Structures are given as structure tokens and as C-alpha cells.
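Step one of this worksheet: look at the structure below.
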Amino acid sequence: MKNLIIYIITAVIFVVTLGVGYLIADQYLGRAPEQPINFSHRIHAGDNEIPCMYCHSYAERARVSGVPNVQRCMGCHKIIKTDSPEIQKVAGYWDRKEPIPWIKVHNLPDHVVFPHKRHVKAGRKCQECHGPVETMDVVKRIAPLKMGWCLKCHGKYDVKNGRECWTCHT
Amino acid sequence: MKRRDFLKFIGAGGVGTGLGILFGQAIKPPGSKLIPYLIPPEDVIPGIANWYASACTQCAAGCGILVKIMDGRAKKVEGNPLHPISGGKLCVRGQAGLQSLYNPDRIPGPLRRKGARGTNSFEPISWEEALSEVTAKLKELSDKGENDKLYLLTSALSGHLGRLTDDFMAGYGSTNTINHDLFDYRNLRYANSAAMRLDAIPHYDIENTQYLLSFGADFASTWLSPVNLSRGYGEMRQGEYRERGKFVQVEPRISLTAANADEWVPAKPGSEAILALAIAKLIVDSGHYTGADASAWKALLAPFGLTYAAEATDLDKKKIRHIATEFMNTRPSLAIGGESISAYSNGVSGLVAVNILNHVAGNLGIKGGVRANDRDLFAGTRAKKVGPGIDALIRAAEAKEVGMLLHYNNNPAFTTPGTVKAAEALKNVPYIVSFSSFMDETTVLSDIILPANMSYEDWGDHFADPAPGYQVATLMQPVISPVYKTRSLGDTIMELGRGVGGAVAEKMPGGTFADHIKESWSKLYSQNKGMSASALTFERFWRDTLATGGWWPEGAYKEQKLSVTPKRVARHVSKEPAKFDGAATQYPLHLISYAQAGHLDGRGANIPWLQELPDPVTSVVWGSWVEINPKTAARLGVKMGDMVEIESPHGKIQSPVFLYQGIRPDTVAMPIGQGHTLYGRYAEKRGANPIEILPSTVDKRTGVYALNSTRVRILKTGRPGDLVKMDVSTDELGRNIVQTIAPGATGKVPPSSHH
């Protein structure tokens, strides 16, 4: 009888913690998916100090920051490091006239409108949301990108209408 | 608690959390793809719209439009505010054009007939195959020496595309170009040419008139150039610093336009011409007309006395005299003749009568009246004079005289009366090539389909007819890349012409159709002083013109005298009334088939937005209806929504009843547009097509099938109809919301709603 109670309690603890674990994963853990090309932000943005907006050129003009077009990659890599197997992969896409199918790391649900333009124009650093990308070999999501996290920042900077529903959910 | 149990709990918790995290990570949806451009197009910033100027081709008016393009997709169409026709406005069909562009039922690429003709059984083929097959067929016909058996059936094509098809036909050696559209104003062109010697449709200056007398012109929804005329109408009624103009509409039913009028004059169907001539006679007799030929006019108009007219039109004598007095004394005044006066068996006579009326009242060639349009910018680019009509093609097909048919942008199997049996006739044609975008009742008869780009995907230009008093040339540019595997019609025609070789190949310009348009415009630029003065170089001019949408010498209106002489029109003036099929005893009701605001001639029926749009007068959606006066309905014993049979001597169709006070008790009316057997998922098997039960009566002068040329009877079916309408009731249900006072009771106090 007593054994049974112990088993039940064990089972309950197992189920509850399973849920807790799932919530932790869902809410706080990012992912660093494998990309079609082993692209290193550390080399580009860190070691070589290429500004973010050289490649993500739409960030201060549009809602999306923009993934660099393949032409932009080839602009440098026609000459630079052409012997690297990863660069040869890029050249392969270019020769086949195929865009590179990158995997999204930062994803927002459809009911939120996030304009990069406004945040960049307001003087926010890319790193405030994306973390120290210039130190990452593989990009990883750092921020939870949840509403509470957004609002914390909107409160900190005293954003005009920063707590209105329609500011983001339009 | 034992230590062992505690450890068990800790273990379970640890493993649980770990598995939970792993599970949570594992089931996270894989990140969606981020696909960059290979080479970014010019001017594209993701999420930021660009607006490109073009011309609307949903009807023939040629409104200038701006198309909003975001990330390579067309998202919205608006009127081009710089454009003199649209002035930044756009009608519902123009707005809905996007749904024909992105329509899921568009023909995605070249097709070849597989099964029996008309069974809608096609197989996809490549463009190379399609072009070589059609070229071979053209050569074959030419080798047999039967070049004149090639027929081209299109809507009236404006601009360079029209000129290219003309060159193609001329080079090939055929004169059989047939222009057909259900509403292409052939009667109006003919009447204006006969009475005023005008080839182009004049500008009806509604904007500046003080008294508009319209004989059934539904310019608020479909007639001629609805956006332009509606803008003028707005100015006339509510413009600043001017007197509000008066507007009287003569029509058997209250259309959207009539609903806006100060007075609705429901003349008996078929008698409108007599009314116009009776008013003209009153004006001439009153001495208002001072021309030297006044006595000739008096003689010509003598048969149209007031007593006769009052009887023929079923109107009060006082009413007719009142209109005549106002029409001649209000300066300037303007009479226009639209569908309901031109759609009878003697339609041309009705429109000539309107011209006579304008002449004797002194409305021709003046501001606020009828103003002639200047000659076209390019010779031959404007929609041409009245050539042979669709009836000529059908007769030739019946006689097996058509060797090959090229078909584009119209649907005669749907828009000609059922008795004409157009589809049956076309089945006699050995080889039909279609350039259609949709599988409709006519396209299904073709042997091979080479789908053309839509105007949003193609280069082109449009020369407005009617223009607003000065030339308007609108440019079309590809605002998006083709959605499907379609090709520019100009390129297809040019390639076919080159393939056939000989004289036709010589007539084909070099390069692509886009090159041809630009080159031709550069010639025009060097010849036209206004154009050369507007920019230093042609490249500069071309860039500016593409950005603004076209070229128009605004305000360059040249006064041109217009007149009508009794000699010219005598043969069109007669007391012979319009003919109607069906004896009045057996078929007691007139049938009026009219263009519905969203569907026009039926082309809008495959656009869900237009199906969903409540008709502006009846509020009905997704179907057809038959308008019946409540008095007539009471006599027939039918009520709102009942399914009834509408029977003419030539057939019967079914439609639900719409009770409508705004129609004569001896008339019923049905909108055109529904009743497609084939035209995509949104149009098929919905409602009924009133053209099906019309006789093959034509006005012999133009070959136009008369839409209002039959009487019908209404039979009960005893079943409820499928009428869906957005308003609940037009009755105020005793709430005294709309208070009225009878004309005789002036000065008396109306019954108060407060007790």
C-alpha cells in the first residue's frame, strides 16, 4: 500500500517536472539550427568588423532587416577565400542561380508587427535583442521574444504608446 | 519519508525536467526558411510598397491607375490622381481587377484540345510547340490561297496592340477583323457619325452642364466612361461656386443613375426616341431654334406632336412640355442617350433623336454640351470606326466560310442571344486559336490556347475614346512579372507573323513588342511639339511618361463646331416603333436586360469580390434576380424571393423575384452577368443569363443585337428562389421615418409622428 503511494507521488513529480521542463524549453531556450552554409558571424562581424547593416541592409528602411542577397555574398567571395569548402558551397548556389535557403532563428508570430526600422532609428543596438552576434560562430536566439520581454524594454525607454495593444498588434 | 523515497522523487523530478526540455526542443517547429534574393531587383525594399502607373483594362474606358507593388506582388489598385479620365478615382471593377490577375482559374499556360470540341478537355503543351503549330496552320491556310478566310475576333483593341493586329491581318491578306463587346457603343458611334460626322465618341460635358437629360445612360455604373462621367456628375451637382445642375433620367426602371436623378421619367419601353423627338419639336415650334433650316426641322419633326407622344410614351403631356421648357431655357443643357434607348431594334434612331434634340436646343460644340474630341495622336491607334459586327462572323461561320479564327478578349457565346446559336456556328470553324486568360463559353471551343499576359504583366498603351475633350494616351508597363506561363500578346502576334513569312513578316516590327512601343513613341515624341517641349530628350520624356502614367495636353481643348442637318438624319427619323417579339396578349411584359455594376457584360462574374459586392440598387449578392413591380407581382401571385420562370418566345430561364417599386408595371428587368456554364469556380452554375432568351433581332445599320427586343411572361414555379440580399426591407413599417407631402397639399401640415 505504502509502496503504491510512493509510486504515485513519483509519477506525479515526474509528470509535473516534465511540464516544467517543457515550459523552460519553450519560454527560455533558443535554438541554433544548422544552416545550409556554416556561416560565422564571428569572422564577419567580429574579426573583420563588417557593420551589421552592410549585409542586413534593409534594417533601417523596412520592417524586415533583410537577409543578404547572394550577389552581396559573391561581391567579396569571388576573390576572398575561394578555396574554402563553405565558400565553394556559396559559389555553387550562385552558379546554379539558386538562393540560399537559410533557416530562421528569430521568429515572431503573425499577430505581432515588429518593424526593425523604428528600433534602429530609435538608436537601439542590434545586440540588445540579438545578443553578441559578433562573437557567435553559429547564431543562437538569446532573447525570449515574448510580450513581457518587449514591454519591459518599452517601459525602460519610455516608448510613446509603448504599452498600447495596437502599437504592435496591428 | 525514507531516504530512498526522497532519492526516488529527486530522480523522477530530474529525469522529468530533462525529458521535458528535450521534448520541448524536439517538437519546436523547424525554423521557416529565409529565402534571399539572388540579385535584388531595382527599387525593392521588402515590406515597402512601390506604386507604378498603368491603365485599367477591365472595361474600354481606359482609366489611369496606380498599382501598389510590394515584394513583387500587386496588392492594390487605385486611380491615378494625375490622369484626366480617372482623376484618382476608380470603379469597383477596376478595384477588383487584382482578382482576375491572381484568379485561381486563369489558364496557366498553352493548351491544346484533346477531346471533342467544347468538352473542355485540353492538355498542356510548351510555348514552342504551340507557336509552331499555329504558324504551320497559318501557312497552310495561306498555301491554299484562302488568306481571306482568316478571321480575327477581339474586343476593340486600343493603342499599339490594335495597330499590330491590324498590320498582321493586312499583311496576311485578310480584311476580316471583327470587333465585338456586348457594350461597345457601336450604335452610338454610328449615330454620331451619321448625324454629326464624328468618328470618335465626343466628350459629353456633364461637368459643366446645368441641365442633364439622360435617356437611360447608366453612367454611374457602366456607361461609356463611368469614372470620368461620374466625376463630372459630382462637379455638376456639388461643385463649388456654381449652381447645382438639374438631372432628369428617362428609363423604364430606376438604375443606380436614375436613383440619383431629380426626376425619373418612366417612358414606355421603346418610345424613348419619340419622346426625344417630341421635345425637339416643342423646342423648334417655340422659336427657340433660330437656325436657317428651322422650317426643314419643323417639317421633319411634324409627326411627333404632343398628343401622339404622350400616348406613345405613356407620359403626361404636361410633363413632356415641362421637360422641353426646362431643357431649352436652362443654359447649357445636355441630352445623352445610353443603353435603354439604344438597345431596341431601332437603337440607332433613338440615338440620332438625342443628337437632334441637342442640336435644336443649341448644345452642340459648347461647354456643358457635346464637345468634339480631337483627332487621335497616332493614326489608326484608336478603336476604329464601325466595322462588321459579330453577326457577320456568325453568318460566315454558319456558311463554313471561316478557315481559321483568332480569338481574344470577348465571349460571344455568352453575349449573343441564345437564338443566334453562336457556339454552334463557331463549331463549323476548322481551327480556332484563342489568346484568352479564362476558360469561358467561347474559349472552350478553341483548338489551341496561347494565353496572353494580363495588362498588369504587359507593355501596352491606350488612347481614350471617349477622351475628355483632348487626347489622352495612357501607358501600360509590366508592374509585376507574369504570374503564370503566359506571354505578351504583342510578342505572340509578332512571332506568328515572322513565322508565316512573306508580306506579313515584313509588316512586323523588329525586337519585342516593348521595343516596338518605345520606338513608336520616340517617333511621336520627335513629331509632336507638345511632347518635345515637355522634356529635353526622349529618354527623359519616356521616364517621366512611365512615372506619370501617360501623356495628355490638359486643357488643350480646341473648339469645334458641330451640327446636325435634317438631310443627314431624315432617313433615321421614323414613327415606326421599336419591334418586340411575342404578342402582347401572350407575353404581356417587356424585358429589360441591363449591365450590372460589378459584372458589366458578364466578365466580372469570376471575381469573388464582385460576386460578394451587393448590387447598389437591389443589394443582391452571388446570383441573379428579376425585378418586378409589386402591383404586377400581386397580380401574378408571387412574392419577394419566389423562383419564377421568365419565358420569351425563344426560351425560358429561372430567377428569383425581386419586388421593385422603381420599375414600370408592364416591364420586368434582369441584370446581365450571371448564368455562366463555364468561367471558373466562382461564376459557373450561378443565376441565369437573360441574353439566352432574346431574339436575334439586330439593328440592321450596325448589326448590334437588340437587348430590349422581346416581351416575356412570368410563370410561377411554386418553389422558393435562392435570393440573397443584404438589406432586410425597403418598408419603413409604419415608423414614419420618411415623411412626405403630396404636391397638392403644399401649405398644409403633414401628419405628425408625435402623438
Side-chain angles (χ1 to χ4, degrees), chain A residues 2-3 5-7 9-36 55 57-58 60-74 93-94 96-107 113 115-117 141, chain B residues 1-52 66-76 102 479-483 485:
Chain A
K2 204 185 157 198
N3 267 354
I5 293 171
I6 297 289
Y7 281 132
I9 293 173
T10 313
V12 168
I13 288 176
F14 179 75
V15 170
V16 169
T17 50
L18 197 69
V20 170
Y22 173 76
L23 281 178
I24 291 170
D26 186 55
Q27 296 282 321
Y28 297 104
L29 294 185
R31 250 186 357 156
E34 197 182 321
Q35 300 286 358
C55 296
S57 53
Y58 302 125
E60 59 180 343
R61 291 184 286 169
R63 195 161 62 85
V64 295
S65 62
V67 207
N69 53 68
V70 188
Q71 197 183 27
R72 180 68 46 95
C73 304
M74 291 307 286
Y93 281 107
W94 175 248
R96 291 193 301 276
K97 297 288 166 230
E98 265 175 37
I100 303 167
W102 299 103
I103 310 286
K104 246 183 168 178
V105 177
H106 294 84
N107 211 356
V113 172
H116 273 86
K117 178 178 166 177
R141 179 162 67 84
Chain B
M1 194 196 289
K2 284 191 197 151
R3 183 163 171 274
R4 276 180 64 173
D5 292 341
F6 178 73
L7 286 176
K8 259 185 205 161
F9 296 154
I10 294 288
V15 172
T17 313
L19 282 177
I21 289 175
L22 284 179
F23 177 71
Q25 288 293 72
I27 64 156
K28 268 191 187 167
S32 49
K33 297 271 169 64
L34 271 174
I35 307 291
Y37 282 113
L38 192 69
I39 300 167
E42 233 177 305
D43 303 337
V44 166
I45 299 174
I48 304 287
N50 284 324
W51 294 76
Y52 294 102
L66 294 177
V67 190
K68 179 184 182 182
I69 306 293
M70 195 191 274
D71 301 343
R73 300 284 157 89
K75 298 238 171 176
K76 185 80 175 73
Y102 290 120
V479 295
I480 59 162
S481 46
V483 180
K485 281 193 199 125

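What you see is a predicted model, and the numbers here were worked out from it, not measured in a lab.
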| side-chain contact (heavy atoms from CB on, under 4.5 Å), paired with P99(A), selected from I35(B), I39(B), L34(B) | I35(B)
| Gap separating the OH atom of Y22(A) from the OG1 atom of T17(B), nearest 0.5 angstrom | 15.0 Å
| message | Can you confirm whether K485(B) is buried at NZ, in the sense that more than 12 heavy atoms of other residues, nucleotides or ligands lie under 6.0 Å from that atom? | response | no
| Segment of P68(A) engaging chain B (4.5 angstrom heavy-atom cut-off) | backbone
| Spatial distance of atom CD1 (I45(B)) from atom CZ (R63(A)) [nearest 0.5 Å] | 13.5 Å
| said: Between K33(B) and I103(A), is there a side-chain heavy-atom distance shorter than 4.5 Å? | reply: yes
| Closest heavy-atom contact between P46(B) and A62(A)? | O-CB, 3.1 Å
| Is the number of heavy atoms from other residues, nucleotides or ligands within 6.0 Å of CZ (R3(B)) greater than 12? | no
| request: Step through the shown structure and confirm whether more than 12 heavy atoms of other residues, nucleotides or ligands are within 6.0 Å of OH on Y7(A). | output: no
| query | Would you say the side chain of W94(A) lies within less than 4.5 Å of the side chain of L38(B), judging by non-hydrogen atoms? | reply | yes
| field | Option in N69(A), V70(A), T10(A) with maximal non-hydrogen atom pairs under 4.5 Å from chain B | value | N69(A)
| Hey, which of V15(B), L19(B), D5(B) has the most heavy atom pairs under 4.5 Å with chain A? | D5(B)
| said: Using only non-hydrogen atoms and a strict under-4.5 angstrom cutoff, which residues of residues 7-14 of chain B touch chain A? | reply: K8(B), F9(B), A12(B), G13(B)
| query | Mind checking what makes side chain to side chain contact (heavy atoms under 4.5 Å, CB included) contact with A11(A), not counting sequence neighbours? | reply | none
